[in-house]
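One structure is given here, and the rest of the page talks about it.
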Amino acid sequence: RPQSSSKRQSSNTNNNKSKNLPTYTRPLYCTLEDLAQGRTKKLKVAYQGHEKVFEIVLKPGWKSGTKITFAPPPPGSGSTTAATAAAAFPAIMTFEIQESPHPYLRREKNDLHYTCWITESQTRGGIRVTVPLPTGEVWTHDIPKQKNSTATGSTATDNPRTRERKESKEEEKNADHAVVVPNGKKMVIPSMGMPIKGGPERGDLIVHFRVRQSSASSSSSSPSPTAA
C-alpha cells in the first residue's frame with residue numbers, strides 16, 4: 001500500500017508540472033474528405049525557439065471544435081530526463097479542428113446538404129443527379145420523366161366544343177403534374193452523410209432542388225455534381 005500511494009503521489013506531481021506549462025493553441029484546417037475518411041497529418045510547429053513535428057491522426061466523424069492535445073512527457077517518466085522533456089516542446093500543444101469550406105457541400109452536424117440547381121426545362125423532363133461524396137463514394141439518382149395522361153371522359157351528350165374545353169383543361173392539369181422536380185423540393189438520402197463518431201452509423205445526404213430562371217445562366221454553380 002505505501003508503494004502504491006507513493007506512485008500515485010509521483011504521478012500527481014508530474015501532472016501538476018504539466019498543468020503549469022503554458023498552452024499553445026493553433027487551428028488545424030481540415031477538409032470534409034479529411035474528416036470523412038480519416039487522415040494522418042504532420043505539422044511542424046515553432047514555439048519559443050523550439051521546433052517539433054506533431055503527428056495527428058484524424059478519426060472519421062470528427063467535427064469543427066474538436067481538440068487534440070499533446071503534453072510534454074513529465075520528468076522521470078521512463079527513460080525521459082528533465083533536459084530531454086524540456087527540449088521536446090516547452091508547452092502543452094493543442095490543435096483545434098476547423099472545417100475548410102467545401103465547394104458544393106454544407107455540413108450540419110452529421111448531415112450533408114447539397115443545393116442542386118436545375119433549369120426550368122429540366123423540371124419537366126427526367127434528370128440524373130450525380131454527387132461525389134467526401135467518403136469517396138458517388139451518389140447517383142435518376143428522376144424519370146413523368147408521362148402525361150391526356151385521356152378524358154366524354155358522354156354522348158357532350159358537344160364538340162364542350163369536349164374541347166374539357167380536354168384543354170385536362171391538358172393544363174396534366175402539364176402541372178408533369179413537373180417532377182418542383183422548386184424547393186427536398187430529397188433525404190439516409191446514411192449517405194458524414195460518419196458518426198464511435199460507430200458505423202452515418203448522417204443523411206439532403207438534396208435541395210432550386211429552379212434557375214430561364215434568363216439566368218444555364219451553367220452549374222457546383223463544379224463537381226451534375227444534374228442532367
Side-chain angles (χ1 to χ4, degrees), residues 27-41 57-68 96-150 171-228:
L28 175 61
Y29 295 97
C30 301
T31 65
L32 283 182
E33 287 76 11
D34 293 335
L35 302 177
Q37 301 177 32
R39 301 276 170 84
T40 298
K41 289 179 174 285
V57 180
L58 301 173
K59 301 293 181 65
W62 280 2
K63 301 181 177 73
S64 281
T66 300
K67 294 182 178 181
I68 308 99
E96 184 172 352
I97 291 178
Q98 292 187 15
E99 289 181 13
S100 302
H102 197 271
Y104 52 86
L105 292 171
R106 175 173 52 86
R107 181 181 184 179
E108 287 187 5
K109 296 184 178 179
N110 299 309
D111 296 334
L112 292 174
H113 293 256
Y114 166 60
T115 300
C116 179
W117 288 94
I118 57 178
T119 63
E120 290 180 340
S121 61
Q122 287 175 318
T123 63
R124 299 183 183 278
I127 64 172
R128 166 173 286 189
V129 183
T130 302
V131 184
L133 300 175
T135 55
E137 303 162 290
V138 177
W139 177 78
T140 302
H141 183 74
D142 291 321
I143 302 178
K145 181 178 180 180
Q146 185 170 335
K147 295 180 180 179
N148 294 340
S149 174
T150 57
E171 285 176 0
E172 290 178 3
K173 181 180 177 181
N174 288 330
D176 292 336
H177 288 315
V179 178
V180 295
V181 188
N183 188 31
K185 176 182 173 66
K186 182 172 72 173
M187 181 182 294
V188 179
I189 303 92
S191 301
M192 291 298 285
M194 293 293 288
I196 297 176
K197 183 182 175 184
E201 294 84 7
R202 291 168 60 179
D204 299 333
L205 171 65
I206 302 174
V207 180
H208 305 265
F209 290 94
R210 296 290 183 268
V211 178
R212 193 186 304 276
Q213 299 299 321
S214 57
S215 58
S217 171
S218 60
S219 62
S220 174
S221 60
S222 302
S224 296
T226 58

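- Atom-to-atom distance recorded for Cys116:SG and Arg212:CZ is 9.5 Å, nearest 0.5 angstrom.
- The CG atom of Leu32 lies 10.5 Å from the CD atom of Gln37; values are rounded to the nearest 0.5 Å.
- With sequence neighbours excluded, the residues that form a side chain to side chain donor-acceptor pair (under 3.5 Å) with Asn110 are Lys63.
- Aromatic ring orientation, His102 versus Tyr104: perpendicular (interplanar angle above 60°, classes split at 30° and 60°).
- For the atom pair CZ of Arg39 and NZ of Lys59, the computed distance is 15.5 Å after rounding to the nearest 0.5 Å.
- Of the inter-residue distances, the one linking Ile143 atom CD1 with Lys185 atom NZ reads 6.0 Å to the nearest 0.5 angstrom.
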I'd like a table of donor-acceptor pairs (distance under 3.5 Å, sequence neighbours excluded) in which one partner is a side-chain atom from residues 203-211, with atom names and distances.
| from | atom 1 | to | atom 2 | distance (Å) |
| --- | --- | --- | --- | --- |
| Asp204 | OD1 | Ser191 | N | 3.1 |
| His208 | NE2 | His113 | ND1 | 2.9 |

Exercise for the section: Apply side-chain contact (heavy atoms from CB on, under 4.5 Å) to Ile68 and Ile97, showing your working. Expected result: CA-CA 8 Å; Ile68 308 99; Ile97 291 178; 3.9 Å; yes

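- Residues Cys30 and Leu58 come closest through the heavy atom pair SG-CD1, 3.8 Å.
- Closest heavy-atom contact between Leu112 and Met192: CD1-O, 4.3 Å.
- The shortest non-hydrogen separation linking Pro195 to Ala36 is CG-O, 3.3 Å.
- Atoms CG and CG, from Leu105 and Leu133 in turn, are 7.0 Å apart once rounded to the nearest 0.5 Å.
- In this structure, the side chains of Asp34 and Trp62 stay at 4.5 Å or more apart for every pair of heavy atoms.
- Residues satisfying the side chain to side chain donor-acceptor pair (under 3.5 Å) test with Gln98, not counting sequence neighbours, are none.
- From Arg202, atom CZ reaches atom OG1 of Thr135 across 4.5 Å, with rounding to the nearest 0.5 Å.
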